[in-house]
Q: 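Here it is, the structure in full.
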Amino acid sequence: MKLVVVSAGLSVPSSTRLLADRLAAATGSYTSVDVQVVELRDLAVEIAHNFTSGFPGRALSAALEAVTEADGLIVVTPVFSASYSGLFKSFFDVLDQDALTGKPVLIAATGGSARHSLVLEHALRPLFAYLRAVVVPTAVYAASEDWGAEGLAERIDRAAGELGRLMEGLGSGAGAVRRAEVADTAGAADKADAADKADASVVVDTDTAAAIAPRSLNGALASADRFTVIPFEQQLAALRP
């Protein structure tokens with residue numbers, strides 16, 4: 001499976017990239033993945049040009065395609081002004097709005113203070129919920145004091161495990177079959193509903209139908225299943241004095 005890591009770190013070396021690499025490595029211990037890293041720092045100029053021209057450059061186009069075709073994503077941003085960076089947001093602004101639908105995403109962020117940790121729940125999670133991604137329950141925030149301290153490794157491992165299992169579940173053949181069956185069932189339900197509306201019939205409980213239906217229908221109702229379709233005109237006729 002293909003795992004794409006989107007890192008919005010600006011410095012070299014970058015704690016944002018370091019966290020992204022550790023999350024990717026941990027995910028690889030739970031499921032077999034081919035990892036591709038997208039460094040947004042290298043795409044900043046093309047992202048800006050995309051806003052003014054409406055067309056992505058070659059490197060940005062390749063990055064957008066990689067994210068769209070990925071089986072799972074890890075997205076990591078530094079915290080600027082108590083939220084994700086403008087570069088991070090701009091990249092997902094130029095991405096097609098349907099590209100992340102149903103896609104597993106692990107969100108993470110880095111910052112200088114632990115006080116910014118709620119950026120994950122107040123900014124990143126709503127963003128990817130809007131994009132209809134499937135965000136794993138555990139998000140990872142790494143403040144400056146977290147590096148080398150207890151707790152960060154455990155959070156990384158827990159989040160990576162959730163992403164790996166989610167990627168396997170959504171990417172399995174059984175999962176695809178189940179999604180197809182759900183779609184077929186929904187389509188059949190829509191067709192049945194349209195047919196009911198076309199002939200003005202409704203489904204009623206057999207006991208209720210027996211009480212309101214004409215005597216000529218009682219025999220048919222007695223031999224029917226729990227629910228029977230009674231044309232609406234016949235129900236009205238049964239209710240008339």
Side-chain angles (χ1 to χ4, degrees), residues 1-9 14-43 56 59-78 84-85 87-110 119-121 123-142 152-180 182-183:
M1 286 184 291
K2 183 178 180 181
L3 175 65
V4 173
V5 179
V6 178
S7 172
S14 165
S15 61
T16 300
R17 175 62 187 270
L18 176 59
L19 179 58
D21 288 343
R22 290 187 60 178
L23 287 167
T27 303
S29 67
Y30 285 93
T31 186
S32 178
V33 292
D34 293 323
V35 179
Q36 179 178 346
V37 178
V38 174
E39 279 280 9
L40 298 187
R41 179 185 65 248
D42 300 332
L43 302 173
L60 177 58
S61 181
L64 295 174
E65 182 179 357
V67 169
T68 301
E69 295 180 352
D71 297 301
L73 290 179
I74 294 174
V75 298
V76 191
T77 178
Y84 37 63
S85 72
L87 179 60
F88 181 87
K89 179 61 162 56
S90 295
F91 176 76
F92 289 101
D93 282 343
V94 300
L95 183 70
D96 187 276
Q97 286 196 354
D98 295 325
L100 300 187
T101 300
K103 197 181 301 293
V105 176
L106 191 166
I107 57 175
T110 59
V119 69
L120 295 167
E121 306 303 326
L124 270 76
R125 197 176 295 276
L127 170 63
F128 289 96
Y130 172 78
L131 295 172
R132 298 189 296 279
V134 182
V135 184
V136 302
T138 301
V140 180
Y141 179 82
L152 178 60
E154 288 76 9
R155 295 200 304 275
I156 289 173
D157 185 69
R158 183 168 64 248
E162 292 170 356
L163 178 63
R165 288 188 290 270
L166 189 58
M167 289 175 64
E168 286 187 342
L170 293 180
S172 66
V177 170
R178 285 194 295 272
R179 291 193 295 275
V182 169

Q: Hey, is the main chain of Leu87 close enough, under 3.5 Å, to the side chain of Arg41 for a donor-acceptor pair?
A: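 No; zero donor-acceptor contacts below 3.5 Å.
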Q: What pair of heavy atoms forms the shortest contact from Val119 to Ala109, and how long is it?
A: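 So the minimum-distance heavy-atom pair works out to CG1-CB, 4.1 Å.
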Q: Please round to the nearest 0.5 Å and tell me the distance separating atom CG of Leu120 and atom CZ of Arg125.
A: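 Those atoms lie 7.5 Å apart.
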Q: Can you check whether Tyr141's main-chain N or O pairs, donor with acceptor, with Arg155's side chain at less than 3.5 Å?
A: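 The answer is yes, because a donor-acceptor pair under 3.5 Å joins these two groups.
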Q: Write down the atom of Leu23, the atom of Ala160, and the distance for their closest heavy-atom approach.
A: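 Taking every non-hydrogen atom into account, O-CB, 4.0 Å.
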Q: For Leu40 and Val38, run side chain to side chain contact (heavy atoms under 4.5 Å, CB included): C-alpha distance rounded to whole Å, both residues' side-chain angles, the deciding distance at 0.1 Å, then the answer.
A: CA-CA 6 Å; Leu40 298 187; Val38 174; 3.9 Å; yes
Q: Is there a side chain to side chain contact (heavy atoms under 4.5 Å, CB included) between Val134 and Leu166 once you walk through the steps?
A: CA-CA 9 Å; Val134 182; Leu166 189 58; 3.5 Å; yes
Q: How close do Val35 and Ala24 get, counting heavy atoms only, and between which atoms?
A: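 Scanning both residues, the minimum pair turns out to be CG1-CB, 4.2 Å.
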Q: Distance from Leu43 atom CG to Ser61 atom OG, nearest 0.5 Å?
A: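 With rounding to 0.5 Å, CG (Leu43) is 11.0 Å from OG (Ser61).
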Q: List in chain and number order the residues that pass salt bridge (charged side-chain N to carboxylate O under 4.0 Å, His left out) with Arg158, two or more places apart in sequence or in another chain; answer none if no residue qualifies.
A: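 Testing Arg158 for salt bridge (charged side-chain N to carboxylate O under 4.0 Å, His left out), a comparison that skips the adjacent residues, returns none.
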Q: Just verifying a value: how many Å separate Leu19 CG and Ser14 OG, rounded to the nearest 0.5 Å?
A: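 Spacing of CG (Leu19) from OG (Ser14) equals 9.5 Å.
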Q: List the steps, then state whether side chain to side chain contact (heavy atoms under 4.5 Å, CB included) holds for Ile74 with Leu3.
A: CA-CA 8 Å; Ile74 294 174; Leu3 175 65; 3.9 Å; yes
Q: Where do Val33 and Met167 land on the side chain to side chain contact (heavy atoms under 4.5 Å, CB included) test, with the steps shown first?
A: CA-CA 10 Å; Val33 292; Met167 289 175 64; 3.9 Å; yes
Q: Atom CD1 of Ile156 and atom OG1 of Thr138: how far apart are they, to the nearest 0.5 Å?
A: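 Separation between the atoms: 12.0 Å.
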Q: Not counting sequence neighbours, which residues clear side-chain contact (heavy atoms from CB on, under 4.5 Å) with Asp157? List them please.
A: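 Per chain and number, Asp157 pairs via side-chain contact (heavy atoms from CB on, under 4.5 Å) with Tyr30.
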Q: Do any N or O atoms from the side chain of Thr77 and from the backbone of Ser85 form a donor-acceptor pair under 3.5 angstrom?
A: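 Judged by distance alone, yes, a pair lies under 3.5 Å.
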Q: Counting only heavy atoms not in Gln97 (residues, nucleotides, ligands), do more than 12 fall under 6.0 Å from its CD?
A: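 No, CD of Gln97 has 12 or fewer neighbouring heavy atoms, counting only those of other groups under 6.0 Å.
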Q: Do Lys103 and Asp71 sit within salt-bridge range, that is, some charged N less than 4.0 Å from a carboxylate O?
A: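 Looking at Lys103 and Asp71, the cut-off is not met.
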Q: Quick check for you: to the nearest 0.5 Å, what is the distance between Arg22 atom CZ and Ser15 atom OG?
A: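 Separation between the atoms: 12.0 Å.
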Q: Determine the minimum heavy-atom distance between Gly9 and Glu39, stating which atoms define it.
A: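 In terms of heavy atoms, the two residues are closest at O-OE1, 4.1 Å.
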Q: Identify, with sequence neighbours excluded, every residue that meets side-chain contact (heavy atoms from CB on, under 4.5 Å) alongside Ala66.
A: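 For Ala66 the side-chain contact (heavy atoms from CB on, under 4.5 Å) partners, ignoring immediate neighbours, are Lys2, Val4, Gln36.
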Q: Rounded to the nearest 0.5 Å, what separation is found between the OH atom of Tyr84 and the CD1 atom of Ile107?
A: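 Result: 11.0 Å between the selected atoms.
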